[in-house]
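This report concerns only the one structure given below.
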Amino acid sequence: MIGRPGHAPVLLPQVLAFLRPIPDGLYLDLTVGTGGHAEGILEASGPTGRLVGLDRDREVLLLARERLARFESRVRLVHADYRDLRAVAAAEGLEAWDGALLDLGVSSVQLDDPARGFAFSRSGPLDMRMDRAGGGATAADLLRDLPEAELSRILREYGEERWARRIARRIGAARAVAPLTRTDALADLVAGAIPRRAWPKRIHPATRTFQALRIAVNRELEGLAEALGEAIHGLRPGGRVIVIAFHSLEDRIVKQVLRGSPEVTVLTKKPLTPGPEEVAANPRARSAKLRAARRVEG
Ligand SMILES: C[S@@+](CC[C@H](N)C(=O)[O-])C[C@H]1O[C@@H](n2cnc3c(N)ncnc32)[C@H](O)[C@@H]1O
């Protein structure tokens, strides 16, 4: 976003057009991040619309808190995993809502912080946990502990990496000498494992490996379908749910849930994607796919 460092909300006008925020409405932002979409929703639903924002990353929530402070009691931010939506809704006394947004994946502030270890372009520890406070295995732990065959499966399934076996074998050989703990060491190893003629044209050769490890560390695909089902179930008749996915595995789950749910009508026959202007201004938006649905009446 021009003039403001951090995470630029992707497809914001489209999100607002589908969500149609109104005063008195209650909106859930299940991946509030630094609050870019939330800010847009609160502005559009002024002066009385309310928003409850969830994020599993405490550090990112602090930024959202700052950005959304001016909305005072209209906004409530909760450090939680969206897979716990049912428990959060019960604890917060939320029975039904007018809209829900899931903007999946990682935030730019997570990607851009070398200490978080998400980016191959920055030297840092191989951490990749979105919720560092919650403990759990880091990417370095997985690279140290998982059998080669399991690493290969993760790279193939979550990264759609055709050189998965070769990369896993290199990891096996490297860790026999010294543990793999740094982003740049892993990026170099992957680049060396893929024949140069097969390097992808527009992305770094380690992009898919990093994506796959991030998905595995954060168990990003587990429970997504159920959480989306919960978000739909709590919608008031006519309420909207919007999901932005950033890779095909996620998008496939979203498509299946929306198409398979008798509780909603799908509003996007094909997913919406950002135009060239948005991609030029924010290259990370390039793989975004937005799907929206409306809760049926009655
Ligand atoms: C793409 S960012 C959201 C950006 C936000 N829409 C904005 O405008 O700033 C995705 C966010 O989802 C959070 N996240 C990912 N998986 C989550 C989960 N299972 N539960 C809660 N938050 C999650 C990440 O920590 C990250 O902050």
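The figures here come from the full heavy-atom set of this structure, side chains too, leaving out hydrogens, waters and symmetry mates. All ligand and atom numbering here is 1-based and tracks the order in the structure.
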Among all protein non-hydrogen atoms, which one is nearest to [atom], and what is the separation to 0.1 Å?
atom	value
atom 12 (O) of ligand 1	Thr31 CB, 3.2 Å
atom 7 (C) of ligand 1	Gly36 N, 3.5 Å
atom 20 (N) of ligand 1	Tyr82 N, 2.8 Å
atom 4 (C) of ligand 1	Asp103 OD2, 3.3 Å
atom 19 (N) of ligand 1	Asp81 OD1, 2.9 Å
atom 22 (N) of ligand 1	Arg56 N, 3.2 Å
atom 1 (C) of ligand 1	Val106 O, 3.3 Å

Contact check: Asp29 vs ligand 1, nitrogen or oxygen atoms, below 3.5 angstrom: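 No, since none of the N or O atoms of Asp29 sits under 3.5 Å from an N or O of ligand 1.
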Proximity of [X] to ligand 1 by residue part, where a heavy atom lies under 4.0 Å:
X	result
Met130	side chain
Thr34	both
Ile244	neither

Please check: side-chain N/O of Arg116 versus main-chain N/O of Arg129, any donor-acceptor pairing under 3.5 Å? yes
Distance only, no hydrogens: is a donor on one side chain within 3.5 Å (strictly under) of an acceptor on the other, for Arg132 and Thr138? no
Could you check whether Ser123 and Asp184, counting side-chain N and O atoms only, form a donor-acceptor pair closer than 3.5 Å?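 Side-chain D/A pair, Asp184 to Ser123: present.
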Taking 4.0 angstrom as the limit and counting only heavy atoms of [X], give me the atoms of ligand 1 inside it, by number and element.
X	value
Val60	27 (O)
Leu30	21 (C), 22 (N)
Asp57	25 (O)
Ala80	20 (N), 21 (C)

Only heavy atoms count here, so choose which of Asp55, Val88, Leu111 is nearest to atom 25 (O) of ligand 1. Asp55
From the options Ala8, Gly105, Gly33, select the one whose nearest heavy atom is closest to atom 10 (C) of ligand 1. Gly105
Do [X] and [Y] come within less than 4.5 Å of each other through their side chains, counting heavy atoms only?
X	Y	answer
Arg83	Arg56	yes
Thr273	Leu290	no
Ile244	Leu104	no
Leu180	Ile171	yes
Val52	Val78	yes

NZ/NE/NH1/NH2 to OD/OE distance under 4.0 Å, Glu161 and Arg156: no
For the CZ atom on Arg182, are there more than 12 heavy atoms of other groups (residues, nucleotides or ligands in this structure) within a distance under 6.0 Å? yes
Has [X] got any heavy atom lying under 4.0 angstrom from an atom of ligand 1?
X	answer
Val32	yes
Leu104	yes
Gln110	yes
Ala64	no

Nearest 0.5 Å please: distance from the CD atom of Glu220 over to the CD1 atom of Ile253. 10.5 Å
Sole candidate of Leu228, Thr268, Asp251 that passes side-chain contact (heavy atoms from CB on, under 4.5 Å) when paired with Val243: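 Only match with Val243 under side-chain contact (heavy atoms from CB on, under 4.5 Å): Leu228.
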Decide side-chain hydrogen bond (donor to acceptor under 3.5 Å, both in side chains) for Asp24 and Thr48; before the verdict, give the C-alpha distance in whole Å, the side-chain angles of both, and the deciding distance to 0.1 Å. CA-CA 5 Å; Asp24 297 336; Thr48 48; 3.0 Å; yes
